[in-house]
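Report on the structure given below.
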Amino acid sequence: MLKTENSRLTFFSWFAVFIFCLMGAKVVYLQTAQNDFYAGKATRQSKGVMESTKGRGLILDANGSPLALNKKSASLYVFPEELKNRQAFIDRLRREGIKISAGKKRRIMNGKGFVWITRNVEVADAKRIQEEIPEIEYVLEEQRFYPERKLAASIVGFTGIDNEGLNGVEYRYNDVLEGSKFQLLAMRDNKGKRIIFEDPQKKKDVDTVVYLTIDEYLQGLSEEILRQDTAEFMADKGMAIAMDAQTGEIIFAASSGGFDPNEFRKSPQSEWKNYPASFLYEPGSIFKPVLFSLLLDKHNLNTNRAIDCENGMYTLYGHTIKDVSKSGILSVEQVLIKSSNICMVKLSDGISKKEFYEYIKSLGFGDKTGISGVIEEEGLVRNYKRWSGLSKPSISIGQEILVTPLQMVRFYGAIANGGMLMNPKIVKKVEKGGETFTPKNKEERVFSEATAKRIQGLLEKVVKEGTGKNAYSDYVEIGGKTGTGQRIDTETGTYSKTGYVASFAGVFPADNPKIAMVVVYKEPKSSIYGGVTAARTFRSLAEQVSMHLGLKRSYVYESVPTS
């Protein structure tokens with residue numbers, strides 16, 4: 001009995017092995033001998049392979065408000081070989097108001113492959129077009145969407161038709177933000193119905209988020225204030241940038257123009273720039289604290305000693321230097337408060353060309369700041385070996401040097417934080433694949449805390465007693481410096497007689513600064529002076545920033561008794 005049962009088990013075991021081997025052989029046959037057959041069938045049914053992208057990373061402000069998102073869109077295409085009359089099809093497109101390039105027209109007439117008709121349109125529009133022109137088909141894709149439109153557009157940037165970053169953070173962080181590229185295979189089933197197969201390995205969801213340092217509310221507010229004040233001062237352009245002096249984080253970088261990144265092609269390329277990082281200009285008197293910081297830090301400058309300001313006119317190397325307000329004898333402290341060009345020139349006698357040049361370079365002027373996310377200009381600081389006799393005195397008052405507002409706000413940030421030159425940042429952190437990456441802080445001491453404190457006090461007096469009175473606020477104490485610089489005429493290479501740049505740079509709250517800020521107006525017509533134009537805008541922005549961030553107020557409203 002036992003022997004019989006063992007025989008049956010042996011029989012069934014061998015039978016199972018036989019079946020398993022037979023199935024394995026079938027699989028091998030299908031994968032090898034029949035491979036060409038199935039591949040050929042797919043090739044015969046397939047009409048085209050299209051590439052698409054999904055899951056591009058999001059861009060948010062410092063508080064998580066969305067600045068760049070993804071939304072569903074439709075892209076329309078056609079297979080020319082299926083058209084009965086290709087020219088008639090092209091004519092039909094034109095009548096429906098659908099424009100296509102000459103290259104697409106040629107491809108349609110050649111009748112091979114497939115041709116994109118238009119990309120990234122609203123799904124509802126795609127359905128309507130398909131009803132009007134049945135030969136057109138569409139596939140769902142992802143399109144970049146900027147919910148705040150103009151707000152921070154020059155920072156965020158935009159993407160092209162294939163969701164590739166072309167400007168701003170979208171461009172500079174494209175390798176981080178780019179989604180998953182995959183293929184779409186268009187085939188016909190045995191009934192002639194179109195089937196779109198998507199690559200099953202494609203990434204389904206967004207797994208990257210880039211957080212910016214900017215505050216959406218302050219960015220929008222600064223843009224609006226600049227637009228209003230630029231119109232009032234009849235300026236060609238207004239711009240402003242503010243930095244957290246302790247971290248180097250840019251909290252807003254705005255200009256008076258702007259564009260909608262959802263429709264960036266409708267705006268001139270000049271509006272795509274981030275002006276606070278790319279506008280080059282002679283800073284004028286807002287550069288004077290540079291010389292003061294050097295003299296205080298390295299030469300023990302006595303701010304109480306007297307100096308003759310020559311009643312507003314002084315000749316040096318055959319060149320006449322003038323002051324807007326004529327002064328006689330002033331203390332060194334008053335030289336900065338009253339912004340005397342003549343006395344600043346005299347103060348520059350105490351240092352060599354080489355020392356001044358090297359100090360200016362140590363503050364980052366003439367070099368890019370290294371900010372990630374936006375395109376910046378490096379400015380211009382000529383080597384001291386190429387300076388003329390007038391160069392050192394001219395640079396001491398902010399001439400013969402080109403800077404950006406970004407470079408200036410970094411310097412004033414060092415005044416605010418006790419002498420540390422911070423690396424400005426516009427990207428706060430990146431979250432990708434469950435990990436968080438934070439850009440490293442870079443800082444370098446450029447002058448002592450004592451020097452920074454003394455300059456803070458001088459800047460506060462500029463606002464309370466000197467040329468910056470229009471920046472005075474009852475809400476928050478402001479310290480700053482006015483500036484007026486001549487524009488270079490690009491045709492003649494000489495200073496323009498009508499074009500000026502008005503600016504105001506400063507810190508607040510003045511007794512314990514947290515924020516550094518710079519406001520610049522290109523060619524204001526109502527007044528060329530920074531103390532009349534930019535100072536007023538600075539005050540408005542400083543008050544709004546202080547309220548929003550909860551910074552110390554110098555004026556406290558009287559409390560109302562409850563009972």
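These numbers were taken from a predicted model, which means no experiment stands behind them.
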I need the [X] [atom1] to [Y] [atom2] distance, nearest 0.5 Å.
X: Asp367; Y: Leu380; atom1: CG; atom2: CG; answer: 11.0 Å
X: Tyr412; Y: Lys481; atom1: OH; atom2: NZ; answer: 7.0 Å
X: Leu166; Y: Arg144; atom1: CG; atom2: CZ; answer: 12.0 Å
X: Ser65; Y: Tyr211; atom1: OG; atom2: OH; answer: 10.5 Å
X: Asp215; Y: Glu249; atom1: CG; atom2: CD; answer: 11.0 Å
X: Ile360; Y: Ile395; atom1: CD1; atom2: CD1; answer: 5.0 Å

For a 4.5 angstrom cut-off between non-hydrogen side-chain atoms, does [X] reach [Y]?
X: Pro261; Y: Val156; result: no
X: Thr208; Y: Glu178; result: no
X: Ser340; Y: Lys338; result: no
X: Phe504; Y: Val463; result: yes
X: Leu67; Y: Ile214; result: yes
X: Arg539; Y: Tyr472; result: no
X: Thr484; Y: Val324; result: no
X: Leu58; Y: Asn70; result: yes

Whether [X] side chain and [Y] backbone form a donor-acceptor pair below 3.5 Å:
X: Lys432; Y: Gly57; answer: no
X: Asp175; Y: Leu177; answer: no
X: Asn274; Y: Val374; answer: no
X: Gln456; Y: Ile415; answer: yes
X: Asp323; Y: Ile342; answer: yes
X: Asn417; Y: Ala245; answer: yes
X: Glu282; Y: Glu400; answer: yes
X: Asn262; Y: Phe145; answer: no
X: Trp272; Y: Phe158; answer: no

Distance-only polar pair, side chains of [X] and [Y], donor-acceptor under 3.5 Å:
X: Thr159; Y: Arg56; answer: no
X: Lys429; Y: Thr438; answer: no
X: Lys514; Y: Ser546; answer: no
X: Ser285; Y: Ser339; answer: yes
X: Ser540; Y: Thr537; answer: no

Atom [atom1] of residue position [X] - does it have more than 12 heavy atoms of other residues, nucleotides or ligands inside 6.0 Å?
X: Phe259; atom1: CZ; value: yes
X: Lys72; atom1: NZ; value: no
X: Lys273; atom1: NZ; value: no
X: Lys322; atom1: NZ; value: no
X: Lys353; atom1: NZ; value: yes

| query | Mind checking whether Phe233 and Tyr521 have parallel, tilted or perpendicular rings, split at 30° and 60°? | reply | perpendicular
| What orientation do Tyr384 and Trp387 show, parallel under 30°, tilted 30 to 60°, or perpendicular over 60°? | perpendicular
| message | I'd like to know whether Thr404 forms a side chain to side chain donor-acceptor pair (under 3.5 Å) with Glu376, so could you lay out the CA-CA distance, the side-chain angles of the two residues, the decisive distance to 0.1 Å, and finally the verdict. | response | CA-CA 8 Å; Thr404 65; Glu376 62 172 326; 5.5 Å; no
| Which heavy-atom pair separates Ser396 from Ser348 by the least distance, and what is that distance? |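 Distance-wise, the nearest heavy atoms are CB-CB, 3.9 Å.
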| request: Looking only at non-hydrogen atoms, find the nearest pair between Arg410 and Pro424 and report the distance. | output: CD-CD, 3.6 Å
| Among all residues two or more places apart in sequence or in another chain, which pass the salt bridge (charged side-chain N to carboxylate O under 4.0 Å, His left out) test with Glu224? | Arg227
| Is the shortest side-chain N to carboxylate O distance from Asp236 to Lys525 below 4.0 Å? | yes
| Are Lys461 and Glu333 close enough for a salt bridge, meaning some N to O gap below 4.0 Å? | yes
| Residues Gln219, Glu223; criterion side chain to side chain donor-acceptor pair (under 3.5 Å); working and verdict | CA-CA 6 Å; Gln219 180 71 28; Glu223 290 177 4; 2.9 Å; yes
| task | Please report the C-alpha distance between Tyr359 and Ser293 in whole Å, then the side-chain angles of each, then the deciding distance to 0.1 Å, and finally whether the side chain to side chain donor-acceptor pair (under 3.5 Å) criterion is met. | result | CA-CA 10 Å; Tyr359 186 71; Ser293 66; 2.8 Å; yes
| Full working for side chain to side chain donor-acceptor pair (under 3.5 Å) between Lys428 and Thr213 | CA-CA 5 Å; Lys428 192 179 189 73; Thr213 61; over 6 Å; no
| query | Under 6.0 Å from the six-membered ring centre of Phe279 and within 45° of its axis: does the NZ or CZ of Lys522 meet both? | reply |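 Relative to the ring axis of Phe279, which defines the angle, Lys522 lies outside at least one limit.
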| Stepwise, does the salt bridge (charged side-chain N to carboxylate O under 4.0 Å, His left out) test hold for Glu271 with Lys237? | CA-CA 11 Å; Glu271 288 300 327; Lys237 178 73 67 175; 3.0 Å; yes
